[in-house]
Amino acid sequence: MNDLIAPSILSANFARLGEEVDAVIQAGADVIHFDVMDNHYVPNLTIGPIVLRALRDHGIDRPIDVHLMVKPVDRLIKEFADAGATYISIHPEATEHPHASLGLIRGAGVKAGLVLNPGTSVGVLDALLDEIDLVLVMSVNPGFGGQTFIPASLEKVRAIRSRLNDHNREVRLEIDGGIKVDNIRAAKEAGADMFVAGSAIFGSPNYGETISAMRSALNA
Ligand code: DX5
Ligand code: ZN
């Protein structure tokens, strides 16, 4: 599958969110990564479906990749689907019934993702691979932007890639946390095909140059 670069708006200037999203799209973003945190499942509080709807109303038509770090999760799935999510990903630890939660996402016509924390083993995929369109490997612990990439994540990506290669259906493999120009290539070589980057893009002086440098590294 083609590589997708997904800037995380967690590191955007929230006072000018619409313009910031326009700017990263102009700069070459393929997907917009939308981090939802609840001060319960993770120790941080961000944005909800009203903000997603506002971005759609602003005219954003790129895919929006909603990463739900909330517990419980089920009630919010429909709200994010109705607000215009393209992907919705959930953490299996944040729901009593992951299989059912993934069914809610797909039932709403949205692509479903399962997120593996650094401490979550790959085995969680065993019973859920048929229910998902995306695996999201966290390469930091969820909760904050700007953390340091955990190198062991690459081994996990490799293990999942070999798993997905044996699967009868295409499933995206996304990596999230500490991705920069200088490690995005290693993530691709391990098997990722969707790359979240927050601080590396929104913290840089020129979004276009940073995304182009990432794409060159991917295509090198
Ligand atoms: C962390 C979030 C990430 C975060 C990544 O919980 O899921 O999406 O925005 O930020 P960086 O790229 O700065 O590590
Ligand atoms: Zn995220």
Side-chain angles (χ1 to χ4, degrees), residues 3-14 17 20-21 24 27-49 51-52 55 62-71 73 76 80 85-94 105 110-120 132 134-154 156-157 172-188 192-205 207 210-211 213-215 217-218:
D3 294 326
L4 299 178
I5 296 179
S8 164
I9 58 173
L10 186 61
S11 291
N13 179 345
F14 278 111
L17 188 58
E20 287 273 75
V21 175
V24 279
D30 299 302
V31 173
I32 301 302
H33 186 78
F34 191 106
D35 286 306
V36 182
M37 304 184 185
D38 69 347
N39 184 42
H40 171 67
Y41 179 64
V42 293
N44 199 352
L45 184 64
T46 62
I47 45 179
V51 177
L52 176 48
L55 289 176
R62 277 282 191 287
I64 296 185
D65 174 32
V66 176
H67 176 190
L68 290 182
M69 289 160 274
V70 303
K71 186 178 181 176
V73 71
L76 284 173
F80 277 101
T86 311
Y87 300 86
I88 296 178
S89 296
I90 61 166
H91 288 251
E93 302 85 354
I105 298 171
V110 175
K111 291 177 183 148
L114 190 70
V115 191
L116 275 64
N117 282 328
T120 306
I132 60 177
L134 170 80
V135 180
L136 196 173
V137 173
M138 288 305 300
S139 39
V140 298
N141 281 293
F144 300 93
Q147 302 181 76
T148 304
F149 183 82
I150 299 170
S153 317
L154 292 179
K156 187 182 275 183
V157 170
R172 280 221 169 258
L173 180 42
E174 181 175 25
I175 188 159
D176 181 8
I179 293 292
K180 316 268 177 218
V181 172
D182 64 8
N183 63 6
I184 197 167
R185 174 83 200 172
K188 176 177 172 150
D193 56 25
M194 189 163 169
F195 307 87
V196 177
S199 52
I201 293 173
F202 284 104
S204 73
Y207 303 166
T210 305
I211 293 175
M214 287 177 166
R215 209 167 306 271
L218 290 172

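Bear in mind that the values here come from a model prediction, so they are computed numbers and not experimental data. For ligands, and for the atoms within them, numbers begin at 1 and follow the listed sequence.
- Within ligand 1, the atoms closer than 4.0 Å to a non-hydrogen atom of Pro142 are 6 (O), numbered from 1 in the order shown.
- The shortest distance between side-chain heavy atoms of Leu17 and Phe14 falls below 4.5 Å.
- In the vicinity of His33, heavy-atom distances shorter than 4.0 Å reach the ligand 1 atoms 8 (O).
- At least one heavy atom of Met69 sits less than 4.0 Å from an atom of ligand 1.
- When OD2 of Asp176 and ND1 of His67 are joined through the Zn ion (ligand 2), the resulting angle is 90° to the nearest 10°.
- For ligand 1, the atoms sitting less than 4.0 Å from at least one non-hydrogen atom of Gly178 are 11 (P), 12 (O), 14 (O), numbered in the order shown with element in parentheses.
- Taking the six-membered ring for Trp, Tyr41 and His91 have ring centres closer than 6.0 Å.
- For Lys180, the NZ atom is densely surrounded, since the number of other residues' heavy atoms within 6.0 Å is greater than 12.
- Nearest to atom 9 (O) of ligand 1 among the protein's heavy atoms is Ser8 OG, 2.7 Å.
- Near Val196, the atoms of ligand 1 lying under 4.0 angstrom from a non-hydrogen atom of the residue are 8 (O).
- Close approach to His67 involves these atoms of ligand 1, each under 4.0 Å from a residue heavy atom: 7 (O).
- Considering both main-chain and side-chain atoms, Gly145 never comes within under 3.5 Å of ligand 1 through any nitrogen or oxygen pair.
- Between Phe149 and Leu154 there is a side-chain heavy-atom pair separated by less than 4.5 Å.
- Using a 4.5 Å heavy-atom cutoff, the side chains of Tyr207 and Pro7 are not in contact.
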Next item on the list: Just do the side chain to side chain contact (heavy atoms under 4.5 Å, CB included) check on Tyr87 and Ile64 with the steps written out, would you?
Entry: CA-CA 6 Å; Tyr87 300 86; Ile64 296 185; over 6 Å; no
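- Residue-ligand proximity, Gly177 to ligand 1, at heavy-atom distances under 4.0 Å covers atoms 14 (O).
- Checking each of Val110, Leu68, Val73, Ile132 against Ile105 for a side-chain contact (heavy atoms from CB on, under 4.5 Å) leaves exactly one that passes, namely Val110.
- Regarding atom 12 (O) of ligand 1, its nearest protein heavy-atom neighbour is Gly198 N, 2.8 Å.
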Checklist line | Derivation of the side chain to side chain contact (heavy atoms under 4.5 Å, CB included) call for His40 and Met69 | finding: CA-CA 9 Å; His40 171 67; Met69 289 160 274; over 6 Å; no
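- The proximity of Ser199 to ligand 1, defined as any non-hydrogen pair under 4.0 Å, involves the side chain as well as the backbone.
- With hydrogens left out, the protein atom closest to atom 1 (C) of ligand 1 is Phe144 O, 3.5 Å, a heavy atom.
- At a 3.5 angstrom cut-off on N or O pairs, Asp176 counts as close to ligand 1.
- A donor-acceptor pair is defined here as one N or O able to donate and one able to accept, closer than 3.5 Å; such a pair exists between the side chain of Lys156 and the backbone of Asn117.
- When each atom of ligand 1 is checked for a heavy atom of Ala197 under 4.0 Å away, the hits are 12 (O).
- Minimum-distance N/O/S atom of Asp35 relative to the Zn ion (ligand 2): OD1.
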Notebook entry, point to check: Between Arg62 and Asp30, does a salt bridge (charged side-chain N to carboxylate O under 4.0 Å, His left out) hold up when you go through it step by step?
Noted result: CA-CA 7 Å; Arg62 277 282 191 287; Asp30 299 302; 5.7 Å; no
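- With contacts defined as side-chain heavy-atom distances shorter than 4.5 Å, the pair His67/Asp35 qualifies.
- When the heavy-atom distances from atom 11 (P) of ligand 1 to Gly203, Gly146, Ala200 are ranked, the shortest goes to Gly146.
- Of the N or O atoms in Gly143, one or more lie within a sub-3.5 Å distance of an N or O in ligand 1.
- When each of Ile9, Leu10, Ile5, Asp176 is paired with His33, the side-chain contact (heavy atoms from CB on, under 4.5 Å) condition holds for Asp176 and for no other.
- For ligand 1 and Met37, the ligand atoms under 4.0 Å from any heavy atom of the residue are 6 (O).
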